[in-house]
Amino acid sequence: MSAAPFIIVAIDGGAASGKSSTARALSSRFRLLHVDTGSFYRAVTAELLRRGARAGDVATVLPVLPALQFGTQVHGGTAQMTIAGRPVDAAELRSAEVNAAVSHFAAIPEVRAALLAYQRGQAEVARAQGFRGLAMEGRDIGSVIFPDADLRFFLHADPAERARRRAQEGQTDAVAERDRLDSQRKTAPLACPPGAVAIDSTNLTLEQVVERMAAAIAARISA
Ligand code: CDP
Ligand code: CDP
């Protein structure tokens, strides 16, 4: 009898398109490690700000980057980044300061390069902890991090609907502005890669989106 395949599911899309909610649901259904790479960019942003780096001033970022030591803790099936052995507080990851700065830092090629191997290494974290694969969400997972992923999804939703979702969560978040910066940057811009399964969730419930994705994963597993 052959071992169950290790499945890599890539989920990309704009802010509040539903990446985290769907990745969490699929992870628990298929026993995958949930990896929210946006939380990695947020953790790095919080640390850079703490160390005096400023958005829009690359010269304040580059000297700090090599000193950042990344690790991973797994809590409730989700990978959590540690920096110098410490996780960044969850409220800080979603603070107004981090919301405003993260896309600026994420546009810097050296910041993306510093996170590349760490993100790919999450597959080893998942294997070592007995997960059947990983569901990784972000902006460039299906295009850059795991272009050969077993399944690649790209979630769309109307910008007004996405802003409404964030406001309903009580967050101050310039969703449209982050999308603009993420889509226009030169390195790994937000775009639906060729061959990815595109889903427009504007008029779908979370459950409907999850069912569509789960059906595609189940078909792949049994193929
Ligand atoms: O949750 P939300 O979609 O609002 O954002 P997030 O996934 O937490 O990502 C925060 C920011 O990190 C994004 O706006 C991007 O600037 C950056 N990011 C990225 O550049 N590449 C990724 N793979 C993930 C996030
Ligand atoms: O991770 P990302 O920023 O792409 O989005 P999310 O945090 O998963 O979703 C943002 C909010 O939209 C959450 O409160 C979800 O419950 C909600 N949502 C929704 O109402 N309908 C969907 N089809 C997807 C997400």
Side-chain angles (χ1 to χ4, degrees), residues 8-28 32-51 53 55 61 64-65 68-108 111-126 129 131 133-146 149 153 155 162 165-166 169-175 178-179 181-182 185 188 190 206:
I8 297 187
V9 179
I11 306 174
D12 292 303
S17 58
K19 301 180 298 297
S20 289
S21 318
T22 54
R24 264 196 300 271
L26 295 169
S27 294
S28 74
L32 310 174
L33 176 65
H34 170 219
V35 186
D36 173 2
T37 62
S39 75
F40 299 164
Y41 279 93
R42 288 172 179 278
V44 168
T45 297
E47 186 67 17
L48 287 170
L49 291 173
R50 197 177 301 125
R51 292 177 182 232
V61 174
V64 180
L65 275 180
L68 303 183
Q69 290 185 346
F70 305 134
T72 307
Q73 293 176 356
V74 177
H75 292 293
T78 295
Q80 186 176 32
M81 173 184 261
T82 60
I83 301 181
R86 286 185 306 276
V88 179
D89 177 68
E92 196 180 344
L93 293 182
R94 295 245 158 222
S95 69
E97 292 74 20
V98 169
N99 278 343
V102 62
S103 294
H104 295 279
F105 289 140
I108 300 172
V111 171
R112 306 199 72 79
L115 279 170
L116 185 75
Y118 174 75
Q119 290 172 91
R120 290 192 177 144
Q122 296 301 309
E124 276 68 63
V125 174
Q129 302 221 6
F131 289 92
L134 48 89
M136 181 176 279
E137 42 146 331
R139 300 294 186 289
D140 60 344
I141 310 308
S143 56
V144 175
I145 307 301
F146 286 118
F153 294 103
L155 302 182
R162 292 189 285 118
R165 290 176 186 173
R166 266 294 128 80
E169 293 175 324
Q171 281 200 57
T172 316
D173 191 359
V175 164
R178 277 201 292 126
D179 272 6
L181 291 167
D182 292 343
R185 69 181 174 222
L190 171 68
L206 189 55

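Count residues from 1 along the sequence. Since this is a predicted model, take the numbers as computed values, not measurements.
A heavy-atom distance below 4.5 Å is not found between the side chains of D12 and F153. Inter-residue side-chain proximity for F105 and L49 is flagged as met; some heavy-atom pair is nearer than 4.5 Å.
A salt bridge links R139 to D182: one of the charged nitrogens lies within less than 4.0 Å of a carboxylate oxygen. For D36 and R24, the salt-bridge test fails: no basic side-chain N is under 4.0 Å from an acidic carboxylate O.
Using a 3.5 Å distance cut-off with no hydrogens or angles, the side chains of E137 and T37 do not pair a donor with an acceptor.
Closest heavy-atom contact between L190 and G14: CD2-CA, 3.8 Å. Here the shortest heavy-atom pairing between R178 and S103 reads CG-OG, 3.3 Å. The heavy-atom pair separating A55 from A101 by the smallest distance is CB-CB, 4.1 Å. Residues L33 and A79 share a closest heavy-atom pair of CD1-N, 3.9 Å. The two residues R162 and A15 have their closest heavy-atom pair at NH1-O, 2.8 Å. Closest heavy-atom contact between M81 and A43: SD-CB, 3.8 Å.
The list of side-chain hydrogen bond (donor to acceptor under 3.5 Å, both in side chains) pairs with a residue in residues 81-94, not counting sequence neighbours, reads R50-E92. Sorted by first and then second residue, the side-chain hydrogen bond (donor to acceptor under 3.5 Å, both in side chains) pairs involving residues 71-81 (not counting sequence neighbours) are H34-T78, T72-Y118, T72-Q122, Q73-H75, H75-Q80.
Around the CD atom of E169, the shell of radius 6.0 Å holds more than 12 heavy atoms that belong to other residues, nucleotides or ligands.
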